[in-house]
2 protein chains.
Amino acid sequence: MPRRHNQKSAPSQVDVARAAGVSTQTVSRVISGQSNVRPETARRVLAAVEELGYRVHAAAASLASGRTRILGVIVVSTARYSTSAITVGIEAVATEEGYSVTTASVADHATRDSFFDAFDRLERQGAEGVILLAPFSFLDPGMDTRIERTPTVLMHRLTGGVGTESVVDQSAIARLATEHLLSLGHRTVWHVSGDDYWLESRVRRETWEQVLIEHGVTPPPVIPADWTPESGYRAGRTIAAIPDATAVFVASDEMAFGVIRALHEAGRTVPDDVSVVSVDDIALAAYAAPALTTVRQPFEAVGRAAASRIIDMIEEREPTPVEPIHPELIVRASTAPPA
Amino acid sequence: MPRRHNQKSAPSQVDVARAAGVSTQTVSRVISGQSNVRPETARRVLAAVEELGYRVHAAAASLASGRTRILGVIVVSTARYSTSAITVGIEAVATEEGYSVTTASVADHATRDSFFDAFDRLERQGAEGVILLAPFSFLDPGMDTRIERTPTVLMHRLTGGVGTESVVDQSAIARLATEHLLSLGHRTVWHVSGDDYWLESRVRRETWEQVLIEHGVTPPPVIPADWTPESGYRAGRTIAAIPDATAVFVASDEMAFGVIRALHEAGRTVPDDVSVVSVDDIALAAYAAPALTTVRQPFEAVGRAAASRIIDMIEEREPTPVEPIHPELIVRASTAPPA
DNA sequence: GCTAGGAATGTTTGCGTTCACATTATCGTG
DNA sequence: CACGATAATGTGAACGCAAACATTCCTAGC
């Protein structure tokens, strides 16, 4: 049985109290920055803390106080850009607010039960709130009971959430992209979708369909893909085989790279023969050939918003109004009017 | 003061014990899977656990046992591919081994003190081991005392680590890349470096220099950049202005995208006029135009190795021999013999 | 000088577990 | 059938801290 690695167990409040000639309670007060302590006393305590190298024992503190200040994040284990960018935002806010973040990851394409497991792991760890960075719906049965216990925020637009609310408007993204292509004069817009395992993939597809219908055009069949550039490449070959396809809405920048390569290999140039608009605006989007027209998602802001929202819920304070985070169309060189 | 959100506080071992008609100790034994329990008793306990929805209270358990099974990871808050890919590996092993992962992030270009802060936050949280996913050297003074207390693993090759060892051989990467270009017949190799804040950036540069010298060529001046495609683009313009530059070793794929775009804009084609080799093999590398010749770093494996190493250290077991993780040169279309 | 009242500090208790040890049940053996 | 050995279970204490309440100190006002 491995035990603590610090040979002589770490100094405790008692040690500090003794060294400073006060009670542990006073030490506790100084540490947690309470007011009713004489400056001189506080100085003595702080000095003792410094000298002994005392650190609060988080487990003990949270056992006593009932608070852990732990934020849980459930992520699907993928090195997708969006996920890690969002995490950066979450982490930043958490640290600012004195929370720590623990992650529970779940295999890609994991089942509902894996999510429950992840959620349970976080709860066991004492997470006071959970951010679901995952293709998951609150409407799922087993989820309700968990959400009741632990405040939860979801990254996806979803109606009917149980008093919880999401931060990104996925359907605005699809609308922006599709209407851009339409307004350029394209008759119709094809769509390379992301993996349907992901909620946003479905939302984008549905919105794309709806926008087309609003404009009186019958949506062509979806070309399914799975977020990877490879799958984009395959989809691109399919599109290249469709002579009258002049505009494609690709659900992610990464896939767009694949689509464009397939198109070029088939002798169709972008944007002269085919316009491509995608989603995310990853750092490389501007360095594709041609540079990608894309709908930017402000991922870090999304992460920040999610984190402050969940902290608001935890601390039961009025939710700081999240100024709406707008996706933004960045027009570059991969779209043009039809020939 | 917000308290627990579960209105009626969660069931404890006592509740389970009462429901199952046993002592709390027995409940504890069943939960932690010890052997000395009659199957029938275990079943009763498990039933009670199930019915009450009991979950171990991690804070209480770790206070009593002295163990937290928490792994700390210090990351620089960047959405760089490498970082998130490594994290995936860490997370996977941690979960397998029953550890949870908490992250402390640090601003890009943060000072040494920010790292100490992050380390301290993790220690306070009870991290039993820390993985440093950061441009940091063990040789730093303040670090020694921390490492003594808490087992630490660094992602970077470094001689003189305090009994700790790293997992990737950054210098092998640079050697692979530079020698590939040389063996193609290029007279010399230019280098676009990453941000010198990062250790691997420096190691790659030094190795590149050394390899050139070994081959009897005087290294040209380094072209400094900072990992971003934009900086790669700027570096690319510099290179385009050097008529006899025929080969470039770029320290990351992302920068290579920028370099290539600048080169093309200046009328120099890749690989006919200039060969480009980079590092990482991100998903998009194969979809650059031309497809990138690059040195693959098996990031997830690196993460897995780091995690199992740190767990070995925590549990004071013989370190599972990490089969050496070799970087691998992937030859695609961005390199060719000089014209 | 005495008292009220607030600021500063101390004491006690309990958070939910696990540990170390004590006790009781169960079984095979001579 | 009693005995010891081993398996199964129980008991008390302790982990390090913060909450609640209790006490002491100081100051100001009359």
In whole angstrom, what separates [X]'s [atom1] from [N]'s [atom2]?
X: A:R124; N: C:dT17; atom1: CZ; atom2: P; result: 12 Å
X: B:R67; N: C:dC19; atom1: CZ; atom2: C1'; result: 15 Å
X: B:H57; N: D:dG16; atom1: NE2; atom2: C1'; result: 14 Å
X: B:Q13; N: D:dT11; atom1: CD; atom2: P; result: 14 Å
X: B:L52; N: C:dG16; atom1: CG; atom2: P; result: 14 Å
X: A:E40; N: C:dT9; atom1: CD; atom2: C1'; result: 14 Å
X: B:L63; N: C:dC19; atom1: CG; atom2: P; result: 12 Å
X: B:Q25; N: D:dT11; atom1: CD; atom2: P; result: 11 Å

Within the structure shown, what part of the strands sits under 4.0 Å from [X] by heavy-atom distance: base, sugar-phosphate, or nothing?
X: B:T41; result: sugar-phosphate
X: A:V27; result: nothing
X: A:V22; result: sugar-phosphate

Just to confirm, is there a sub-4.0 Å distance from OP1 or OP2 of [N] to any side-chain nitrogen or oxygen of [X]?
X: B:N36; N: D:dA8; value: yes
X: A:R29; N: C:dT9; value: no
X: A:S12; N: D:dG16; value: no
X: B:S28; N: C:dT18; value: yes
X: B:S65; N: C:dT18; value: no
X: B:T26; N: D:dA8; value: no

Quick check: on DNA chain C, is the nucleotide nearest B:A61 upstream (toward 5') of the one nearest A:V37, or the reverse? Name the residue that is more 5'.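 In this pair, the answer is A:V37.
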Is a salt bridge present between B:R304 and B:E96, judged by a nitrogen-to-oxygen distance below 4.0 Å?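 Salt bridge: yes.
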With a 3.5 Å distance limit and no angle check, can you tell me whether A:E128 reaches the backbone of A:T68 through a side-chain donor-acceptor pair?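 Pair found, side chain donor or acceptor close to backbone of A:T68.
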Would a distance-only check, ignoring hydrogens and angles, find a side-chain to backbone donor-acceptor pair under 3.5 Å from A:T102 to A:S100?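 No, the answer is negative, given that no donor and acceptor are paired below the 3.5 Å cut-off.
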Position toward the 5' end of DNA chain D (nearest nucleotide), B:A60 or B:G21: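 Result: B:G21.
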B:A64, nearest nucleotide to its side chain (from D:dA18, C:dG16, C:dT9):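 Nearest to the side-chain atoms of B:A64, counting from C-beta on, is C:dG16.
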Please name all residues satisfying side-chain hydrogen bond (donor to acceptor under 3.5 Å, both in side chains) with A:R69, sequence neighbours left out, ordered by chain then number.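 Applying side-chain hydrogen bond (donor to acceptor under 3.5 Å, both in side chains) to A:R69 gives none.
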Apply side-chain hydrogen bond (donor to acceptor under 3.5 Å, both in side chains) to B:S32 and list each qualifying residue two or more places apart in sequence or on a separate chain.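 B:S32 satisfies side-chain hydrogen bond (donor to acceptor under 3.5 Å, both in side chains) with no residue once adjacent residues are dropped.
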